[in-house]
Amino acid sequence: MVQKIIKAKRHIEEAGISMDEINEWNYFSIKKWYNRIRGQYQNVTWRRLTCNNLGAPKWMFILNLAIQNRLLTRSRLHAWGITDEKSCPICNEAEESIEHLMFKCRTTGEIWSKILRWQGISRAPMEWQREIQWAENNATGSNAAAQVYRLALACAVYHIWNERNNRIFQDHQKTVEMIVRQIVIEVAIRGSMNRKIGKKIEEIDTYCKGG
């Protein structure tokens, strides 16, 4: 027990919190304690796209990497001297960067265009940074349409990245319609966890109804 107390005291001091300061607290707060240990950081503008999202954890992981431009695209690997290949493995028409893959690529652009139309959003896919900016401005609220968009974005990015990897490492590919249908079905499944989102998806879900 004494060793645990000594160890706890050492962690407190390493976090920059004095015992005198703790003694002055009127009450113990986990949130206050956590914030002091973590330190103060500016919130990123896209946090609500990932933190307020019912998507699967693997979707969130890939979406986070994509937003921060940390996916290992061929253009990044080439810049590091890891590969000589730079072309997009999906369309083979341009250098594979995050901007191209999401959604300048002819195939992925078609996928995202169909997903947008499914949601009732009548616009063409935009460049990646503009798409994220649009999402920050229009799809971070608690209304059902915004939540469906966040789900669809995360799911689409994940499946596009997965399709890219399958074509490189397994020499296997799906059609645009197969990928779109899979995205819609998985978004519908995750959305059904929330009554409001589930109801919204029922109103627009022509893919799952065979439309």
Side-chain angles (χ1 to χ4, degrees), residues 44-46 49-50 53 55-140 146 148-188 190 204-208:
V44 293
T45 57
W46 46 264
L49 299 180
T50 56
N53 199 317
K58 60 184 180 182
W59 303 357
M60 297 302 102
F61 178 72
I62 297 300
L63 179 59
N64 266 289
L65 292 179
I67 291 175
Q68 298 178 73
N69 194 24
R70 292 184 178 180
L71 288 176
L72 297 181
T73 58
R74 283 177 166 175
S75 63
R76 293 193 74 201
L77 295 175
H78 178 77
W80 295 341
I82 296 176
T83 180
D84 293 328
E85 181 61 72
K86 294 192 293 183
S87 64
C88 172
I90 295 181
C91 69
N92 293 307
E93 296 175 354
E95 181 176 329
E96 186 202 36
S97 63
I98 186 63
E99 291 81 9
H100 172 77
L101 198 59
M102 314 289 178
F103 300 98
K104 285 185 178 179
C105 172
R106 175 170 50 84
T107 302
T108 63
E110 185 179 355
I111 291 170
W112 187 235
S113 180
K114 287 178 179 291
I115 295 298
L116 288 174
R117 289 201 302 271
W118 169 68
Q119 297 175 75
I121 301 174
S122 55
R123 66 166 174 80
M126 295 184 287
E127 296 179 1
W128 179 238
Q129 292 303 323
R130 289 183 60 204
E131 189 73 44
I132 296 303
Q133 185 176 13
W134 185 94
E136 291 172 358
N137 294 332
N138 298 277
T140 57
V148 170
Y149 175 91
R150 295 198 295 269
L151 274 172
L153 178 67
C155 189
V157 168
Y158 170 80
H159 280 289
I160 286 171
W161 185 248
N162 194 49
E163 176 67 16
R164 175 259 191 201
N165 289 335
N166 285 340
R167 294 191 183 201
I168 293 176
F169 302 114
Q170 298 184 25
D171 194 25
H172 175 75
Q173 66 183 55
K174 295 178 181 177
T175 66
V176 167
E177 192 60 31
M178 289 171 64
I179 297 171
V180 171
R181 184 176 292 274
Q182 185 173 8
I183 292 169
V184 169
I185 290 174
E186 292 189 13
V187 167
R190 298 294 298 190
I204 63 176
D205 198 0
T206 56
Y207 274 91
C208 290

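We count residues from 1, following the sequence as given.
Under the rule for a side chain to side chain donor-acceptor pair (under 3.5 Å), Q129 has no partner lying at least two apart in sequence or in another chain. Applying the side chain to side chain contact (heavy atoms under 4.5 Å, CB included) criterion to L77, with sequence neighbours excluded, gives L72, W80, I82, T83. Considering only residues two or more places apart in sequence or on other chains, Q133 meets the side chain to side chain contact (heavy atoms under 4.5 Å, CB included) condition with N137. Under the rule for a side chain to side chain donor-acceptor pair (under 3.5 Å), T108 has no partner lying at least two apart in sequence or in another chain. The side chain to side chain donor-acceptor pair (under 3.5 Å) search around H100 returns none, not counting sequence neighbours.
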Trace of the side chain to side chain contact (heavy atoms under 4.5 Å, CB included) decision for R181 with I185: CA-CA 6 Å; R181 184 176 292 274; I185 290 174; 3.8 Å; yes
Evaluate the side chain to side chain contact (heavy atoms under 4.5 Å, CB included) criterion for residues N166 and Q173: first the C-alpha distance (whole Å), next the side-chain angles of each, then the deciding distance (0.1 Å), finally the verdict. CA-CA 7 Å; N166 285 340; Q173 66 183 55; over 6 Å; no
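Summarising the local packing, CG of N92 is surrounded by more than 12 heavy atoms from other residues, nucleotides or ligands at distances under 6.0 Å.
Between atom CE of residue M60 and atom CD1 of residue I67 there is a gap of 9.0 Å, rounded to the nearest 0.5 Å. The CZ atom of R106 sits 9.5 Å away from the SG atom of C88 when rounded to the nearest 0.5 Å. A distance of 11.0 Å separates CE in M102 from CG in N69, rounded to the nearest 0.5 Å. Distance check: E110 CD to I115 CD1 gives 11.0 Å after rounding to the nearest 0.5 Å. For the atom pair T50 OG1 and N64 CG, the distance stands at 4.5 Å (nearest 0.5 Å). Summarising the geometry, atom NE2 belonging to H159 is positioned 6.0 Å from atom CD1 belonging to I183; distances are rounded to the nearest 0.5 Å.
Between R74 and E95 no salt bridge is recorded (no basic side-chain N to carboxylate O distance below 4.0 Å).
Although no hydrogens or angles enter the test, the distance criterion places a donor-acceptor pair under 3.5 Å between the side chain of E163 and the main chain of K174. No side-chain donor-acceptor contact under 3.5 Å links Q182 to the backbone of V184.
Scanning all heavy atoms of the two residues, the minimum distance from S97 to S75 falls at CA-OG, 3.4 Å. Residues C105 and I90 share a closest heavy-atom pair of SG-CG2, 3.9 Å. Across all their heavy atoms, L49 and L63 have their closest contact at O-CD2, 4.2 Å. In this structure, V187 and W118 approach most closely via the heavy-atom pair CG1-CH2, 3.9 Å.
No side-chain N or O of E96 forms a donor-acceptor pair with one of H78 less than 3.5 Å apart.
Taking the side chain as every heavy atom from C-beta outward, I160 and R164 never approach each other to under 4.5 Å. The shortest side-chain heavy-atom distance between F103 and M126 does not fall under the 4.5 Å cut-off. The shortest distance between side-chain heavy atoms of T107 and W112 does not fall below 4.5 Å. W59 is listed as a side-chain neighbour of R190, based on a closest heavy-atom distance under 4.5 Å.
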Determine all donor-acceptor pairs shorter than 3.5 Å in which one atom belongs to a side chain in residues 148-158; sequence neighbours excluded.
from	atom 1	to	atom 2	distance (Å)
Y149	OH	E131	OE2	2.9
R150	NE	N52	O	2.7
R150	NH1	A139	O	2.8
R150	NH1	G141	O	2.9
R150	NH2	N52	O	3.0
R150	NH2	G141	O	3.3

